[in-house]
Each structure stands twice: as structure tokens, then as C-alpha cells.
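This structure is a prediction, so every number in the text was calculated from the model and none was measured. Position 1 is the first residue of the sequence; numbering continues from there.
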Amino acid sequence: MACLSYQTCALMSSSSSSTPKTQSRTCHLRVRANTVVAGASTKKTSGLRRLNAVAETGAMEVVELKKGIAELYDESSGLWEDIWGDHMHHGFYDPNADVSVSAPDHRAAQIRMIDEVLRFAGISEQAPIRGPKNVVDVGCGIGGSSRYLAGKYGANCKGITLSPVQAQRANALADAQGLASKASFQVADALDQPFPDGQFDLVWSMESGEHMPDKAKFVNELVRVAAPGATIILVTWCHRDLGASEKALKPEEEKLLDKICNAFYLPAWCSTADYVQLLQSLSLQDIKAEDWSPYVAPFWPAVIRSALTWKGFTSLLRSGTKTIKGALAMPLMIQGFKKDLIKYSVITCRKPE
């Protein structure tokens with residue numbers, strides 16, 4: 001599948017009540033530091049800056065993209081669970097940590113990632129009294145985050161994924177862990193969620209935004225299903241913010257991201273600043289964004305080492321061509337982080353009451 005150019009983010013103006021319309025916007029909003037805090041009181045924002053919204057994703061390309069994503073995770077999820085457990089996302093590490101820590105330590109780092117994200121978003125540790133009651137897990141994998149949140153807060157969690165294999169396995173694990181009444185999973189599209197408006201007080205998206213071909217429609221859906229006052233958490237891969245004089249990434253950066261796109265079924269990338277501006281345009285409150293790339297640095301080397309074990313290697317060969325293709329691209333992710341091109345972005349905000 002040909003990768004879509006990430007020079008022009010697929011950011012389209014959309015809402016829950018109208019058909020999205022493509023609008024031309026320039027694509028660089030600078031973030032002055034690693035952390036961005038934005039809101040109604042932000043004086044530095046003089047108005048909505050124009051983002052590039054040239055949607056290069058045709059209808060057939062979107063269908064093929066979604067099919068590829070579903071098949072990739074149908075193939076790879078069993079392998080991932082067997083080696084890494086319930087959670088299909090980066091771990092949170094001490095930047096000075098030894099990257100050769102054991103598998104249980106890496107699994108603990110994945111749980112720590114969830115807790116650190118919740119803390120960053122200001123979600124209370126005083127469960128279940130002040131914690132979330134209704135959670136949607138957008139791009140749920142095999143349901144690790146949902147089951148953790150259900151156990152931690154007693155919350156009712158609903159997860160969606162494009163992969164039938166993931167949904168089936170997530171439900172089986174919830175049942176096995178005695179959480180079937182609290183966590184349920186189904187096949188659904190994050191760009192057209194099967195939930196009514198304002199249903200959830202926590203909207204959770206852990207490393208699924210990078211798969212979305214229309215970032216604005218994705219964000220609009222997150223906002224639509226959020227209840228008034230709800231917290232929205234978006235953890236996603238982004239490319240670096242463009243400088244004041246830049247109109248696009250460098251050719252060598254584009255080439256590297258092209259290879260990653262083709263391996264992991266990713267459409268257009270965008271920057272953290274692009275997401276922040278989308279949230280600002282929707283009048284969301286308490287917007288915060290932070291680059292956590294230093295805290296996830298040990299992750300990809302550890303995944304590569306696990307693939308090079310006899311168990312990992314033989315399981316990989318049995319998994320399928322899409323999984324193998326993704327595995328071969330893992331060193332490119334390390335390269336992207338080292339070049340300061342790829343950012344591990346944590347973005348949170350609150351829907352107005």
C-alpha cells in the first residue's frame with residue numbers, strides 16, 4: 001500500500017452534525033517548549049492558525065488502509081500478547097534506565113505509562129470515588145487499558161478496534177479476569193463510533209491516532225462522545241513540529257517516514273502542534289501537550305531483542321507477512337526518535353461543561 005504524504009496532514013474541518021469539508025491551511029504551529037499549555041486564557045494565541053487540510057486519502061485508499069490495519073493486528077496480536085502481555089503500547093521508563101531489563105520490568109513499564117498519563121491528565125488516584133465512571137478506549141488492542149481502568153476505578157469501559165481477532169480476545173480476557181460486566185469490546189471505526197453523544201467521562205486513545213487518515217474527524221469523534229466536563233486523553237506518534245521558516249519536513253525525513261508508513265499501515269502524520277490547534281479550534285479547555293520521547297526510548301530496542309530470541313523468531317515466522325514487514329521496520333522507529341523526527345506525544349484536554 002502506498003504511503004500518503006505526511007507533508008499535508010489529513011486535517012479536515014468536521015463536526016458531528018455536518019459533512020466534513022476540506023479547507024486549505026498552512027501546517028506549522030510552533031510549540032515553544034516540550035510542554036504546551038493552551039486554553040481560553042492563552043493570550044499568545046491570536047486566532048486559529050491555518051493548518052494544511054489537503055486530504056490526500058481517497059475513499060478506496062481509506063478502505064484499503066483500514067483493511068490493512070485490521071489484518072496487521074489480526075496477525076500480530078497473538079504474538080505480541082505471548083511475549084509482551086496485555087498492553088500493546090510503549091512503556092514509561094527512567095531515561096537513564098538499563099534497556100536490558102527483563103520482560104516483567106517492561107510489562108511494569110507499560111502499566112506505569114498508563115498511570116503517568118492519568119496523572120498528567122489530572123485524573124484522581126482516589127478510586128473509585130472520584131475516578132472516571134464511563135470510559136471509551138479508542139483503538140483498544142486486546143483491551144489492556146480498559147481492563148486496567150475497570151479494575152482501578154470500577155469504571156464501565158467500552159473498547160473499539162478494527163481487528164476482529166483483537167475484539168474477540170479482549171472480551172475473552174475480560175471474562176477470564178472477572179471483568180466482563182465492566183469491560184466490553186467490539187469491532188468499530190474510530191472515525192464513526194457506535195456511541196451516542198456525550199456518553200463518556202473519560203475518552204482514552206492510547207497509540208491509535210497515528211492510524212487515522214482524517215485527524216480532524218478523529219478528534220471530532222473523541223469530542224462528540226465525551227460528556228460535558230469529560231477528560232480526553234490522546235497518546236500518539238507525531239512528527240516534529242515545523243520551524244517558523246519551514247513549510248515541510250526535510251526530504252530525508254520524509255523518506256524515513258515513508259518507510260515506516262508502509263510497514264505499519266499509517267496514513268498522514270501530523271505534529272503535536274497540529275493536534276493542539278485542532279483542540280483549540282473546538283474550544284476545548286485545559287489543553288496540555290508534552291513530548292515523552294525520552295521516557296519511551298528503551299522500548300523499541302527491547303522489542304527488537306525479544307524478536308531475536310528463539311521464541312520470538314519462530315513466532316514471528318509463523319505470524320504472517322504483515323507482521324514480519326512491521327518487525328523489519330522497527331529499527332526505523334529507533335532511527336526516527338534518535339533524529340528527533342518522531343515524537344511520542346501525550347495530549348490531554350477537557351470538554352467544557
Side-chain angles (χ1 to χ4, degrees), residues 1-7 9-10 56-57 61-62 64-84 87-91 93 99 106 110 113 139 141-142 161-163 165-166 206-213 235-240 249-271 292-293 296-309 311-345:
M1 184 188 74
C3 174
L4 304 170
S5 170
Y6 35 78
Q7 287 178 270
C9 312
E56 298 188 3
T57 315
E61 287 176 309
V62 170
E64 186 177 347
L65 173 67
K66 291 177 182 178
K67 180 174 181 288
I69 293 168
E71 291 176 349
L72 171 63
Y73 288 114
D74 281 350
E75 278 188 9
S76 63
S77 294
L79 167 63
W80 182 270
E81 181 188 359
D82 189 36
I83 296 176
W84 278 76
H87 298 279
M88 303 183 68
H89 58 78
H90 287 70
Y93 302 86
V99 298
H106 287 297
Q110 290 174 307
M113 173 61 75
I142 57 173
T161 173
L162 290 175
S163 165
V165 170
Q166 286 188 334
M206 174 64 76
E207 297 186 35
S208 63
E210 53 269 19
H211 283 300
M212 305 301 167
V235 182
T236 188
W237 310 352
C238 291
H239 68 61
R240 65 173 178 83
L249 295 172
K250 299 173 183 176
E252 61 269 23
E253 292 175 323
E254 295 173 0
K255 184 176 180 181
L256 177 58
L257 289 186
D258 265 335
K259 294 177 181 178
I260 295 171
C261 283
N262 286 323
F264 293 134
Y265 289 88
L266 304 180
W269 291 56
C270 68
S271 69
W292 283 13
S293 300
V296 302
F299 177 77
W300 286 101
V303 175
I304 291 173
R305 283 197 307 277
S306 69
L308 294 177
T309 63
K311 178 181 179 181
F313 181 71
T314 55
S315 298
L316 181 63
L317 290 178
R318 291 194 299 267
S319 63
T321 57
K322 288 181 173 63
T323 307
I324 294 171
K325 187 177 180 180
L328 293 174
M330 291 189 294
L332 300 178
M333 290 295 296
I334 297 175
Q335 187 178 347
F337 277 116
K338 287 184 175 180
K339 289 179 176 292
D340 209 28
L341 169 61
I342 296 175
K343 300 293 184 179
Y344 191 84
S345 299

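Closest non-hydrogen pair, L65 versus P213, comes out as CD2-CB, 3.9 Å. When all heavy atoms of F337 and Y344 are compared, the pair lying nearest together is CE2-N, 3.9 Å.
With sequence neighbours left out, the side chain to side chain donor-acceptor pair (under 3.5 Å) criterion links S319 to no other residue. With sequence neighbours left out, W80 forms a side chain to side chain donor-acceptor pair (under 3.5 Å) with no residue at all. Every residue was checked against the side chain to side chain donor-acceptor pair (under 3.5 Å) condition with H89, not counting sequence neighbours, and none meets it. Partners of H90 under the side chain to side chain donor-acceptor pair (under 3.5 Å) rule, at least two apart in sequence or in another chain, are E207, W300. Scored by the side chain to side chain contact (heavy atoms under 4.5 Å, CB included) test, A70 finds L162 as partners (sequence neighbours excluded). Partners of L328 according to the side chain to side chain contact (heavy atoms under 4.5 Å, CB included) rule, which considers only residues two or more places apart in sequence or in another chain, are I324.
Relative orientation of the H106 and W84 rings is tilted, given thresholds of 30° and 60° on the angle between their planes.
Applying the salt bridge (Lys or Arg N to Asp or Glu O under 4.0 Å) rule to pairs touching residues 329-340 yields D340-K343, sequence neighbours excluded. Sorted by first and then second residue, the salt bridge (Lys or Arg N to Asp or Glu O under 4.0 Å) pairs involving residues 69-82 (not counting sequence neighbours) are K67-E71, E71-K322, E81-R169, D82-K311.
Checked by atom type and distance alone, the side chain of T161 never pairs as donor or acceptor with a backbone atom of G141 at under 3.5 Å.
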Could you walk me through whether V235 and W292 pass the side-chain contact (heavy atoms from CB on, under 4.5 Å) test, one step at a time?
-> CA-CA 10 Å; V235 182; W292 283 13; over 6 Å; no
